[in-house]
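Because only heavy atoms are used, hydrogens play no part in the values below, and waters and symmetry mates are left out as well, while side chains stay in. We count ligands from 1, going down the list as the structure has it; atoms in each ligand are counted the same way.
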Amino acid sequence: MAAIELRSDTMTRPTPAMRRAMAAAEVGDDVFGEDPTVNRLEEMAAGLLGKEAALFVTSGTQANLVAILAHCGRGEEMILGDRAHSFFFEQGGSAAVAAVHPRTVKNLPDGTLDPAALEEAIRPENIHFPRTALICLENTHNLCGGAPLAPDYVASVAAIARRHGVRLHVDGARLFNAAVALGVPAAELAQPADSVSFCLSKGLGAPAGSLLCGERLFIARARRARKLLGGGMRQAGVLAAAGIVALEEMVERLALDHENASRLAHGLAAIEGLALDPRAVRTNIVYFDVVKPGLTAAALVAALGREGVRLLATGPRTLRAVTHYEVTARDIETALSATARILEHRGPPA
Ligand code: TLP
C-alpha cells in the first residue's frame, strides 16, 4: 500500500506531463541568458504576477535570500513576522549571508502583522539605528495555518512601506494557493509589493525551483545575487520545463487540495482528544493539537506512520498535515479513520 504523504506539499513528484516536458526541453546556458525554456518560464511568471521581470532560482529559501540581498545593504534592517518562514527556517540567511538585521513583529493568528505595530517598528532617522530597508510578508502564511493574506491587507502594508521609503517583499511560496482560496488573480496579490517569490516545487508539483518577480532593475540585481549564492544552474531548462507545465496545469486544481484540507480538518475536529478550529483552514495546511492525556504528537505520528499515514510533528503536542495533488479525498477518509482508531485505543497511561 502506498503511503498517504501529508508531511508537506514539497513531497510532490513531477506529473507524467512534467516528465515528458523535461525530456523534450530545449536548453542552453542560463548563466549566459541563453536557456530558451528558462527565459519562457521567467516571462510567464512575470506576466502572471504583473511584474516587469522574473528570475528562476533553486528554491524558496534562495528566492527570499536573493530578494533580501537585492533590496538591502549590509547592516540594514528588515522587518518580518516572528513566525515568518524566512525568520524561522532559513538558517538565518539574512544575517549569516546578507548581513541584514532581522527585526520581528508579532504575527497575528491570521498571518498578518498589526499595521500600527509594523509602522512603529520602522526606524526613525538616528545615527544609532540601522536603517529599515525592507518589510517581508508571507502569503499564504505557513506557520499561521496556511492563512491567505487578502489584497487590501497587502496594499495597506505597501502604503506604510512607501510612506517610509521602505521596500516590500512577499514570500509567496504558496501564492497561488492564496489566489485560488481568495478567488483573485495572483497579480492582484502581487501588485502592491516590490517583489514577490513563489515556489513551483510545493502544491504546483514541479520537482524544484522558485521564481522571484519584480521590476527589471531589481531582477538584474537579483541575478547577480543568485550568482553570488551559486544559483546559476546552466541548462536549467530541464527544470523550467516542468515549471511551465506546473503553471499551465496545476494552479486551478489547488481548490481540490483546499477542499481536502477542510474535509480533513472537520474530520479531525470531530475526534475526541484532538483540538483545532476547522473554520480557520482556508488553504492546504492543517495544524492540530493532541489534547488527550498521555499522547504526544511524536507518538501519534509514529502510530500513524505504522498505518501508512505520514504527518509531521511540529511541536510536543502539535501536528501538521498538508494536502496536495497526490492526496485524494479517499486518502483523507483513510487518514481520518486511522487517526480515530489510534485515538480510541490509546487511553491515558495506567
Ligand atoms: N516550507 C517547507 C519547510 O521548510 C517547512 C514546508 O514543508 O512547508 N517560504 C515558505 C512560506 C515555505 O513554506 C517554505 C518551505 C519556503 C519559503 C522555502 O522553500 P524551499 O524549501 O524551496 O527552500
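- Annotation: Asp171 places an N or O atom under 3.5 Å from an N or O atom of ligand 1; distance criterion only.
- At a 4.0 Å heavy-atom cut-off, ligand 1 touches Asn142 through the side chain alone.
- Taking a cut-off of under 4.0 Å to the non-hydrogen atoms of Glu138, the atoms of ligand 1 that pass are 11 (C).
- Polar contact check, Ser8 against ligand 1: a nitrogen or oxygen pair lies under 3.5 Å apart.
- Each of Leu300, Thr318, Asp277 was scored for a side-chain contact (heavy atoms from CB on, under 4.5 Å) with Phe288, with one residue passing: Leu300.
- Within the 4.0 Å heavy-atom shell around ligand 1 one finds Arg320.
- Salt bridge present: Glu307 and Arg341 bring a charged side-chain N and a carboxylate O closer than 4.0 Å.
- Under a 4.0 angstrom heavy-atom cut-off, Arg7 registers as lying outside contact with ligand 1.
- The pair Glu42-Arg223 counts as a salt bridge, with a side-chain nitrogen and a carboxylate oxygen less than 4.0 angstrom apart.
- Neither the backbone nor the side chain of Gln62 comes within 4.0 Å of ligand 1, counting heavy atoms alone.
- Remark: ligand 1 and Lys202 share an N or O pair separated by less than 3.5 Å (distance only, no angle test).
- Of the N or O atoms in Asn64, none lie within a sub-3.5 Å distance of an N or O in ligand 1.
- A salt bridge links Glu119 with Arg163: at least one charged nitrogen is closer than 4.0 Å to a carboxylate oxygen.
- Close contacts between ligand 1 and Ser59 involve ligand atoms 22 (O), 23 (O) [criterion: under 4.0 Å to a heavy atom].
- Using cut-offs of 30° and 60° on the angle between ring planes, the pair Phe198 and Phe176 is perpendicular.
- Checking Tyr287 against Asn142 by side-chain atom types alone, a donor-acceptor pair falls below 3.5 Å.
- Backbone and side-chain nitrogen or oxygen atoms of Asp9 are examined, and none is located within less than 3.5 angstrom of a nitrogen or oxygen of ligand 1.
- His85 CD2, 3.2 Å is the protein heavy atom nearest to atom 12 (C) of ligand 1.
- Side-chain contact annotation: His71 with Asp194, donor-acceptor N/O pair under 3.5 Å absent.
- A side-chain donor from one of Glu77 and His101 sits under 3.5 Å from a side-chain acceptor of the other.
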- Between Glu272 and Lys292, does a salt bridge (Lys or Arg N to Asp or Glu O under 4.0 Å) hold up when you go through it step by step? CA-CA 8 Å; Glu272 213 182 305; Lys292 184 170 179 133; over 6 Å; no
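- The shortest contact between atom 23 (O) of ligand 1 and any protein heavy atom is with Thr61 OG1, 2.6 Å.
- Protein heavy atom at the shortest distance from atom 22 (O) of ligand 1 is Gly60 N, 2.9 Å.
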